Structure formats: C-alpha cells, structure tokens
Amino acid sequence: MNFSLCRRPWLRTVSYLEQHYQRVQTRPPDQSALPEESWYRIQQLQHRWQLASQCRYRAAQTHLRQQLTQSLRRLAKDCLHQAEDLERSEQQPESPTLRLLFEELESLQDEFDEVQIDWFTKFLLVRTERIILEEIDLGPFEIGLSLDQLGCYQPYQVIALDPCRPGCCDDVTHPYVQSDTLCEGEGRYGIARALEQGRLGEFFLLVAQILRTYNSGSAYCRLSDWHGSPCSDCGDTISEDDHWSSPGMVGAGWWLCGLG
C-alpha cells in the first residue's frame, strides 16, 4: 500500500482517529469487559474432565486436568488485569496528535504488505504473512482494529484468512486465537498501552509478533494435538495412531480412546 499515492483517505482516517481519541478522554472507561469467554471454556473443560473421570480414561483425565489448570490460571490473570485497568482508568494519557497518528499509519506500509481502511465497518486492517509454527501452516491472518471501539477492552479481531483448524476445536484458528479473539498473554499490557497512546503501528506489530510465537503452556490447543481427532466419549484429542474401535460397536458409531 503506497500512502503517498492515496493520502486523502488516510488523512480522513487520521482526522477521525484524533476526534475519537478526544471523545474517549471525556467518557467513563469501559468496565463491562469481563472474561466471559475464559469462564465458558473452563466450564466446558470441567464437564469433559468429569466425563473422562467417570469413564476412567486416565490419559484423558491427565490431559484435561492440565488444560483446566491452565485455563483457571489464565482466568485469574485476566481478572487481575481487569482490576489493574480499573485502578489505572483515572490516569488517561494525553490524546495523540494528528502528526503522530499519521506517522503511525504511514509506518504500517513498511511492516505489512496489505494495509487498508474499511469505512463501511470502520476497521483498520492489516494482513500478516503466512504463519507457520512447528511445520504447521496456519495461513495468513487479518488483524482488524475497530476505530469505533478504541478505548474499549480488546477492540480488535484476529481472523484466519486460510484457516487450518485443529481437530478438537472448530473455533480455534491459532494456538492463541479462539473465536477471532487473541489470548494476549504477557503482551497484554504493551498492546493496551500502545492503543491508549495512539501508537497504532506498535499495536499491530505486537499482535503480529504474538501470532509468530508459540508456548504450549498457554495454548488453547497444543500444536502436537493439532491434527488429532476428538474422542466422542471423553472429548479429548488423540492422534490417528491412538484411535481404535470395538468391532461390535463400529456400526453404532461408538469410538474409544486407545488409552492404556
């Protein structure tokens, strides 16, 4: 995207952003963004863990217990961050200048091949390269920042353009992306501060960098389980090599995990 050839729409974007940041400073901070998605996932995992325990699927119990523990810790961090945001809400940063906002938008062309503004939805969009983690091609992602939601909790989406979903979760497109929402992890504070201060180039770079990294301990679905299949009995994800069925149950569609 050559900004020098199409400055007019970007000047319009900068003017819109400046006005929006000024409005954000005069309104109460968003306090409604409780971590509901995290709580819903915990409930799902708890149900699956209880089912695996009842059926005495020991490997599934261990795996689901680990996932439940990780999700509970993530929820605790989310709640702590929410409390910190409330404490920090009275310390609003100065509204970014027109010059800063224009420089931030202009810098995006050096970092991303595709940058565009959708005025119908009021989203600022960038496209990443294809994300490949541990030889699994997750495809490119579109990071869309909602200009109208600036000042709200996580005002952006991360959408897989050529999704490679794991066998266990239809709504996961990346180890850190569920339902188009990014698990920011340790990058959360930096992302929030970049958005508060109008450093939009830094915001997009931080999100893209999280997509390029992987830590199995904080993933919605581990890459080692990415191409596995969900067990219809316990809900755990297992590799094709570990799948087996009882001959007398194949017609009825009963599948069991090959758990020792």
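This one's a predicted model, so the numbers in the text were calculated from it and none came from an experiment.
Ring centroids of Tyr156 and Phe123 are separated by 6.0 Å or more, keeping the two rings apart.
Considering CD of Gln50 and CG of Leu68, their distance stands at 9.0 Å, rounded to 0.5 Å. Taking CG from Leu223 and CD1 from Ile136, the interatomic distance works out to 4.5 Å, rounded to the nearest 0.5 Å. In this structure, Glu129 CD and Leu211 CG are separated by 9.0 Å, a value rounded to the nearest 0.5 Å. Within the model, atoms CG of Leu108 and CD of Glu103 stand 12.5 Å from one another, a figure rounded to the nearest 0.5 Å. With rounding to the nearest 0.5 Å, the separation of CG in Asp180 from CD in Gln157 is 5.5 Å. To the nearest 0.5 Å, the span separating CG on Leu124 from CG on Leu17 amounts to 7.5 Å.
A heavy-atom distance below 4.5 Å is not found between the side chains of Gln209 and Leu205. When side chains are defined from C-beta on, Leu161 counts as touching Arg127, because their heavy atoms get closer than 4.5 Å. By the 4.5 Å heavy-atom criterion applied to side chains, Val115 and Phe204 are not counted as neighbours. Inter-residue side-chain proximity for Leu145 and Pro155 is flagged as met; some heavy-atom pair is nearer than 4.5 Å. Asp162 places a side-chain heavy atom less than 4.5 Å from the side chain of Pro140. Put simply, the side chain of Thr13 reaches to within 4.5 Å of the side chain of Trp119, judged on heavy atoms. No side-chain heavy atom of Val14 sits less than 4.5 Å from a side-chain heavy atom of Glu104. Side-chain atoms of Val126 and Glu114, non-hydrogen and from C-beta on, never get closer than 4.5 Å to each other.
Residue Leu101 comes nearest to Gly198 through the heavy atom pair CD2-O, 3.8 Å, listed as atom of the first residue, atom of the second, then distance. Contact record, Thr213 with Ile210: OG1-O, 2.9 Å, taken as the closest heavy-atom pair. Residue Cys164 comes nearest to Leu138 through the heavy atom pair O-CD2, 4.0 Å, listed as atom of the first residue, atom of the second, then distance. Nearest approach of Ser216 to Arg222, heavy atoms of both residues: O-CG, 4.0 Å. The two atoms that bring Tyr21 and Glu196 nearest to each other are CE2-O, 3.7 Å, heavy atoms only. Closest approach of Pro96 to Glu18, counting heavy atoms only: O-CG, 4.3 Å.
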Quiz prompt | Derivation of the salt bridge (charged side-chain N to carboxylate O under 4.0 Å, His left out) call for Glu202 and Arg193 | solution = CA-CA 10 Å; Glu202 182 176 339; Arg193 292 297 292 172; over 6 Å; no

Practice problem: Tell me, with the steps shown, if Gln61 and Ser53 meet side-chain hydrogen bond (donor to acceptor under 3.5 Å, both in side chains). | Solution: CA-CA 6 Å; Gln61 282 180 261; Ser53 300; 3.3 Å; yes

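A side-chain contact (heavy atoms from CB on, under 4.5 Å) with Leu64 holds for exactly one of Arg48, His47, Gln46; it is Arg48.
Leu100 and Phe102 are not part of a single hydrophobic cluster, where members link through side-chain heavy atoms under 4.5 Å apart. Tracing side-chain contacts under 4.5 Å through hydrophobic residues (I, L, V, M, F, W, Y), one never reaches Ile132 starting from Tyr214; they form parts of separate clusters. In the hydrophobic clustering of ILVMFWY residues, with side-chain heavy atoms under 4.5 Å counting as a link, Ile191 and Ile159 come out apart.
At least one donor-acceptor pair under 3.5 Å links the side chain of Thr128 to the backbone N or O of Phe141. Side chain of Gln116 to main chain of Leu125: no donor-acceptor pair is present (N/O by atom type, distance under 3.5 Å, no hydrogens or angles). Side-chain atoms of Ser15 do not come within 3.5 Å of backbone N or O of Leu11 as any donor-acceptor pair. At least one donor-acceptor pair closer than 3.5 Å links the side chain of Gln154 to the backbone N or O of Leu182. Using modelled atom types, no side-chain atom of Thr181 and backbone atom of Val177 make a donor-acceptor pair closer than 3.5 Å. Using modelled atom types, one side-chain atom of His20 and one backbone atom of Leu150 make a donor-acceptor pair closer than 3.5 Å.
Other residues, nucleotides and ligands contribute at most 12 non-hydrogen atoms within 6.0 Å of the CD atom of Glu186. By the neighbour-count criterion of 12 heavy atoms within 6.0 Å, atom CG of Asp170 is sparsely surrounded, having that number or fewer from other residues, nucleotides or ligands.
Geometric assessment of Arg165 against the ring of Trp226 yields a negative cation-pi assignment under the 6.0 Å and 45° thresholds.
Taking the six-membered ring where tryptophan is involved, the planes of His174 and Tyr176 are tilted, since the angle between them lies from 30° to 60°.
Residues satisfying the side chain to side chain donor-acceptor pair (under 3.5 Å) test with Asp118, not counting sequence neighbours, are Thr121.
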